[in-house]
Chemist: 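First the structure, then my questions, so here it is.
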Amino acid sequence: MNRIRVLNESVANQIAAGEVIERPASVVKELVENALDAGASRIGVEIDGGGAERVRVIDDGCGMSPEDAGLAFERHATSKIREAADLAAVRTFGFRGEALASIASVSDVTLTTGDGSSGGGWRVTIRAGRRVAAGPAPHPRGTTVEVGHLFLNAPARRKFLRSASTEVAQIVDRLTRAASAHPAIAFSLRSGGRELLNWPPAPAAADRLLQIMGADLGRSMLRVERREGPVRVSGLASVATVHRPTARDQHLYVNARPVRDRGVLHAVRQAYAGLLPTGRHPAVHLFLEIPPAEVDVNVHPAKSEVRFLRPGAVHDLVRHALNEALVGSPVAGRMEPAGRMVHEPGPAPAWVARPSRAGERPPAGTPPGSTPDVEAREPEAGGLEAAGLLHRVPFDALAQYRESYILASAPDGLVIVDQHAAHERILYDRLLRDSLASRVERQRLLFPVTLEVPATHVRAFEIVSDTLAGLGFAISLFGPTTLKVEEVPVLAIGSDVARLVRELLDEVLEWDRMDGWEALRHRIAASAACHAAVRANHALAPEEMNRIVLDLMRCDRPTTCPHGRPSLLRMPLDRLEREFGRR
Ligand code: ADP
Ligand code: MG
């Protein structure tokens with residue numbers, strides 16, 4: 001007795017649907033991929049009931065002729081390959097001609113499309129795999145596919161659907177992946193009429209990722225970029241100080257297609273080995289560009305896995321690229337969120353004296369408690385002295401307000417000085433000036449300080465040890481994760497040295513290599529100055545206040561602290577008089 005028989009097409013389609021269409025998110029995936037294949041520049045997705053009731057995908061791609069619209073639902077109907085030889089060079093997402101046939105076999109589908117030709121559009125309606133209507137319908141260039149009642153004839157599948165919110169989450173996940181791989185294409189998602197996602201076209205993958213991540217997460221990502229022969233990997237990877245409880249935030253795109261690959265995941269784990277606390281995972285978004293001949297995308301029906309011709313080479317490329325991002329520059333390519341506000345310090349007020357570069361050096365890091373010698377130092381203030389102002393109307397600290405602000409009289413009015421910001425500016429300028437002249441005053445610590453640091457900080461230290469030496473720190477590697485501090489700049493005397501050094505190394509991790517070494521020196525100097533500067537809520541003697549005000553006025557940019565925060569506010573006398581109606 002013969003046992004084997006050929007299945008009829010509708011059964012075959014349903015079986016195929018079982019493989020390809022697991023849930024509403026798979027419908028979204030297939031339809032979005034078709035829209036991408038059609039060259040769309042905007043893709044809109046609308047869902048109801050988590051997609052089980054209705055999925056609608058609208059694109060502005062090439063559309064289809066009425067003939068193609070009818071053929072599109074035939075099994076193995078595809079415009080993307082013609083013969084076996086084409087398989088090796090496929091660049092589209094679909095090519096098996098299976099998705100629409102599969103979807104249509106388990107749902108109600110209405111496809112409306114227009115190819116921009118004068119004939120207008122065309123609509124095809126299919127119910128559970130059977131064509132019920134086809135005819136002209138208006139549609140601009142592009143295609144709208146609406147899938148209703150998913151699994152209407154597959155109750156077993158329907159039972160497996162999770163709650164609507166779970167399905168929505170899956171769909172968001174799908175769209176996120178597609179959108180990150182196609183930054184130039186606009187994506188939107190509405191669920192039950194509510195807008196969930198809306199990503200306008202972005203100039204580059206990184207910008208799209210920022211749209212998706214939001215500013216906070218974006219700030220903690222490093223740029224990844226490496227090429228080995230014809231294979232290139234680029235993208236973003238989280239700094240070692242930011243990690244997640246699961247590996248869910250690890251995304252790989254191979255030639256813009258989101259895939260999972262054990263080898264690449266392993267390379268990611270290796271690159272971060274020893275950098276993260278156990279059980280924590282980095283976030284990575286890696287874009288692999290690889291010639292089609294070096295990758296087989298045909299190993300999984302839903303194409304979520306690939307097979308590389310040289311898996312070892314891909315593994316090593318990814319690992320090296322990540323190592324480079326993490327080691328060579330622990331903070332390479334830190335991204336600023338778009339549209340961040342930058343405090344632009346205004347021009348210094350006219351009465352602010354320029355520091356005299358030539359003269360003798362001021363004592364390094366004069367702590368607020370030291371004896372003031374205002375008189376002795378006044379000749380430095382060239383501009384004011386020349387104007388005959390300084391000896392007549394010196395800056396005079398009048399009072400301290402809330403132990404945080406100094407109220408002082410200036411030649412042309414009143415100033416309010418933020419004591420911490422001001423002192424920070426003073427120490428910072430002095431430290432940078434002295435380090436340029438290689439004359440930072442240092443102090444040997446009576447007892448060297450050793451500190452345990454994470455591996456990230458050891459790497460950071462290796463990058464900046466010279467810079468730190470120039471700024472007056474003698475620090476050496478004392479063990480694999482131990483640093484020994486033997487000398488510090490005088491201004492750091494009295495600080496918690498271990499904490500200071502940790503903070504300096506944090507600065508290195510925050511530094512954007514694109515900004516260059518000078519920027520790093522500035523960052524470190526700013527951090528050291530901030531550490532050593534007098535705090536807010538700290539009572540100051542009149543001489544101390546005077547000293548701060550005078551030293552501040554001698555700085556190049558007295559109006560801001562090194563981080564850009566204002567250090568003084570002014571109330572010019574003429575304004576004061578106007579306010580009081582005297583003028
Ligand atoms: P595949 O994508 O594997 O070719 P599908 O069943 O997904 O198979 O689609 C069949 C064919 O229908 C495609 O090859 C394409 O020619 C056409 N098609 C499907 N969706 C669209 C669309 N949104 N825009 C233009 N053509 C489409
Ligand atoms: Mg397809």
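None of these values were measured; they are calculated from a predicted model. Ligands are counted one by one from 1 in listed order, and the atoms in each one are counted from 1 as well.
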Chemist: For T78, counting its heavy atoms only, list the atoms of ligand 1 lying under 4.0 Å from any of them.
Modeler: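 Result: 1 (P), 4 (O), 14 (O).
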Chemist: Return a yes/no value for D59: is any of its N or O atoms, backbone included, closer than 3.5 angstrom to an N or O of ligand 1?
Modeler: yes
Chemist: Taking all non-hydrogen atoms of both residues into account, name the closest pair between L265 and R260 and its distance.
Modeler: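 Minimum heavy-atom contact is CD1-NH2, 3.9 Å.
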Chemist: Between F287 and Y253, how do the two ring planes meet: parallel, tilted or perpendicular, split at 30° and 60°?
Modeler: parallel
Chemist: Identify the closest protein heavy atom to atom 16 (O) of ligand 1: which residue and atom is it, and at what distance?
Modeler: S79 OG, 2.5 Å
Chemist: Look at E225 together with R232 and state whether they make a salt bridge at an N to O cut-off of under 4.0 Å.
Modeler: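 The answer is yes: the pair qualifies as a salt bridge.
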Chemist: Would you indicate whether H149, at its atom NE2, is surrounded by more than 12 heavy atoms from other residues, nucleotides or ligands within a distance under 6.0 Å?
Modeler: no
Chemist: Could you tell me the residue and atom name of the protein heavy atom closest to atom 10 (C) of ligand 1, and the distance to it rounded to 0.1 Å?
Modeler: A77 O, 3.3 Å
Chemist: What is the closest protein heavy atom to atom 22 (C) of ligand 1, and at what distance does it sit?
Modeler: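 Heavy-atom neighbour on the protein nearest atom 22 (C) of ligand 1: T143 OG1, 3.7 Å.
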Chemist: At a 4.0 Å threshold, what atoms of ligand 1 neighbour a non-hydrogen atom of A38?
Modeler: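 That gives atoms 24 (N), 25 (C) of ligand 1.
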Chemist: Regarding H243 and H281, do their side chains bring together a donor and an acceptor under 3.5 Å, going by distance alone?
Modeler: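 No pair is found: no donor N or O on one side chain lies under 3.5 Å from an acceptor on the other.
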Chemist: Would you call E146 and R54 a salt bridge, using N to O less than 4.0 angstrom?
Modeler: yes
Chemist: With a 4.0 Å cut-off, would you call R521 and E518 a salt bridge?
Modeler: yes
Chemist: Please determine whether any non-hydrogen atom of E30 lies less than 4.0 Å from an atom of ligand 1.
Modeler: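 Checking ligand 1 against E30, which is what was asked, there is no heavy-atom contact under 4.0 Å.
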Chemist: Among all protein non-hydrogen atoms, which one is nearest to atom 12 (O) of ligand 1, and what is the separation to 0.1 Å?
Modeler: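 Checking every protein heavy atom, the shortest distance to atom 12 (O) of ligand 1 gives A72 CB, 3.5 Å.
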Chemist: Write out the residue and atom name of the closest protein heavy atom to atom 2 (O) of ligand 1, then the distance separating them to 0.1 Å.
Modeler: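 Checking every protein heavy atom, the shortest distance to atom 2 (O) of ligand 1 gives K80 NZ, 2.7 Å.
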Chemist: Please determine if R226 and E228 form a salt bridge, counting it only when a charged side-chain N lies under 4.0 Å from a carboxylate O.
Modeler: yes
Chemist: Any nitrogen or oxygen of L100 lying under 3.5 Å from a nitrogen or oxygen in ligand 1? Just yes or no.
Modeler: yes
Chemist: If you have a sec, work out which protein heavy atom is nearest atom 3 (O) of ligand 1 and how many Å separate them, to one decimal?
Modeler: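 Looking at atom 3 (O) of ligand 1, the protein heavy atom closest to it is F95 N, 2.7 Å.
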Chemist: Let me check your reading of the structure: within less than 2.8 Å of the Mg ion (ligand 2), is there an N/O/S atom from T78?
Modeler: no
Chemist: I'd like to check whether G97 has a polar contact with ligand 1, where a contact means an N/O of the residue lying under 3.5 Å from an N/O of the ligand.
Modeler: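 Yes; at least one N/O pair falls below 3.5 Å.
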Chemist: Checking D60 against S41 for the side chain to side chain donor-acceptor pair (under 3.5 Å) test, could you report, in this order, the C-alpha distance in whole Å, the side-chain angles of both residues, the deciding distance, and whether it holds?
Modeler: CA-CA 6 Å; D60 62 355; S41 64; 2.7 Å; yes
Chemist: List the closest protein heavy-atom neighbour of atom 17 (C) of ligand 1: residue, atom name, distance to the nearest 0.1 Å.
Modeler: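 The answer is M64 SD, 3.7 Å.
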Chemist: Identify, by atom number and element, the atoms of ligand 1 in contact range of E98, meaning under 4.0 Å from any of its heavy atoms.
Modeler: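 Going through ligand 1 atom by atom, the ones under 4.0 Å from E98 are 6 (O), 8 (O).
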Chemist: Enter the distance from L189:CG to I43:CD1 here, rounded to the nearest 0.5 Å.
Modeler: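 The CD1 atom of I43 is 12.5 Å from CG of L189, to the nearest 0.5 Å.
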